[in-house]
Structure formats: structure tokens, C-alpha cells
Peer 1: 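Okay, handing you the structure first.
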Amino acid sequence: MAHHKSAKKRVRSTKKRAERNKAALSKVKTLVKKVLDSKDPANAQESLKEAVAFLDKTASKGRMPKNTVARKKSALTKHVNKLTAAK
């Protein structure tokens, strides 16, 4: 257990930050699944737009590495393009 006032504050702030990061990463997974599970190209486009916006926001806040976000965006875009081309 922390004994100093500053150490106690660090414990509190770390806990808060961890909860925020966990929630954001969970939402990323949900949005990615939403895009991948979509069969309709128009619906997939809309889901992709929402997912990309949230991924960019997550990367800008440092919750995910920028390269990981870029890789996810690329994979999702490829998937949606494949759906659109098949239609």
C-alpha cells in the first residue's frame, strides 16, 4: 500500500486511466466486429466511417499505437472494398 500522498494519488489516477483505456479498447473491438459482420455494403460503409473516426481518436489520445490503428483501418477498408466490389 502506498504511504505518501503523491503515491496514493498516482494509484487513483492510474486506476482511472486504466478503466478509460479498457473501455476505449473494448469499443474498438465492438466497432471492428460491426464492420466485419456487416453483409450490406452501404451498412458496412457507415460502420467503417464510425470505426475509423473512433480509431483515429484512440490513436491521438495515445490509447493505441498509431501503427496498430493504421493496420486495423487498412484491413477494415480492404474488407469493405471487397464487399462493394462483389455487389
Side-chain angles (χ1 to χ4, degrees):
M1 183 62 204
H3 295 288
H4 297 285
K5 190 174 183 180
S6 61
K8 289 178 183 178
K9 182 178 179 182
R10 296 304 303 152
V11 169
R12 285 196 314 270
S13 59
T14 301
K15 188 176 179 183
K16 265 195 284 190
R17 198 175 307 115
E19 286 174 9
R20 268 191 220 121
N21 290 344
K22 191 174 180 183
L25 297 181
S26 175
K27 186 172 179 181
V28 165
K29 288 178 188 177
T30 303
L31 291 172
V32 167
K33 275 186 203 171
K34 193 174 175 184
V35 173
L36 295 177
D37 291 346
S38 183
K39 302 295 180 204
D40 178 38
N43 194 16
Q45 278 292 96
E46 197 61 38
S47 298
L48 175 68
K49 188 176 177 184
E50 186 182 354
V52 166
F54 191 76
L55 282 167
D56 286 337
K57 185 176 177 183
T58 305
S60 72
K61 294 188 179 213
R63 295 201 171 113
M64 282 179 86
K66 288 179 180 13
N67 286 346
T68 302
V69 169
R71 192 173 60 245
K72 285 185 183 296
K73 286 178 6 183
S74 174
L76 291 174
T77 304
K78 273 185 182 178
H79 177 75
V80 171
N81 287 345
K82 205 180 285 185
L83 275 179
T84 307
K87 190 92 179 176

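No experiment lies behind these values; they were computed from the predicted model shown. Just so it is clear, the values below take in all heavy atoms, side chains as well, and ignore hydrogens, waters and symmetry mates. Along the sequence shown, residues are numbered consecutively beginning with 1.
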Peer 1: State, to 0.1 Å, how close R63 and A24 come at their nearest heavy-atom pair, and which atoms those are.
Peer 2: CD-CB, 3.7 Å
Peer 1: Write down the atom of S38, the atom of A44, and the distance for their closest heavy-atom approach.
Peer 2: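 Of all heavy-atom pairs spanning S38 and A44, the closest is OG-N, 3.2 Å.
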Peer 1: Please tell me if the side chains of T58 and K27 come closer than 4.5 Å, counting only heavy atoms from C-beta onward.
Peer 2: no
Peer 1: Find out whether E50 and K34 are in side-chain contact, i.e. whether some heavy atom of one side chain is under 4.5 Å from a heavy atom of the other.
Peer 2: yes
Peer 1: So, do D40 and L83 sit near enough that their side-chain heavy atoms are less than 4.5 Å apart?
Peer 2: no
Peer 1: To the nearest 0.5 angstrom, please state how far the NZ atom of K72 sits from the NZ atom of K29.
Peer 2: 8.5 Å
Peer 1: In terms of heavy-atom contacts, does CG of D37 have more than 12 from other residues, nucleotides or ligands at under 6.0 Å?
Peer 2: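 Above 12, so yes.
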Peer 1: For the pair R20 and K61, evaluate side-chain contact (heavy atoms from CB on, under 4.5 Å) and give the outcome as yes or no after the intermediate values.
Peer 2: CA-CA 11 Å; R20 268 191 220 121; K61 294 188 179 213; over 6 Å; no
Peer 1: I'd like to know if the side chain of T84 reaches the main chain of V80, judged simply by a donor and an acceptor atom lying under 3.5 Å from each other, with no hydrogens or angles considered.
Peer 2: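 Pair found, side chain donor or acceptor close to backbone of V80.
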Peer 1: side-chain contact (heavy atoms from CB on, under 4.5 Å), that's the test. Do K73 and D56 meet it? Break it down for me.
Peer 2: CA-CA 9 Å; K73 286 178 6 183; D56 286 337; 2.7 Å; yes
Peer 1: So, taking the atom named CG in L55 and the one named OG in S60, what distance separates them when rounded to the nearest 0.5 Å?
Peer 2: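 The OG atom of S60 is 11.0 Å from CG of L55, to the nearest 0.5 Å.
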Peer 1: Would you say the side chain of V35 lies within less than 4.5 Å of the side chain of L31, judging by non-hydrogen atoms?
Peer 2: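 In short, these two side chains do not touch, never coming nearer than 4.5 Å.
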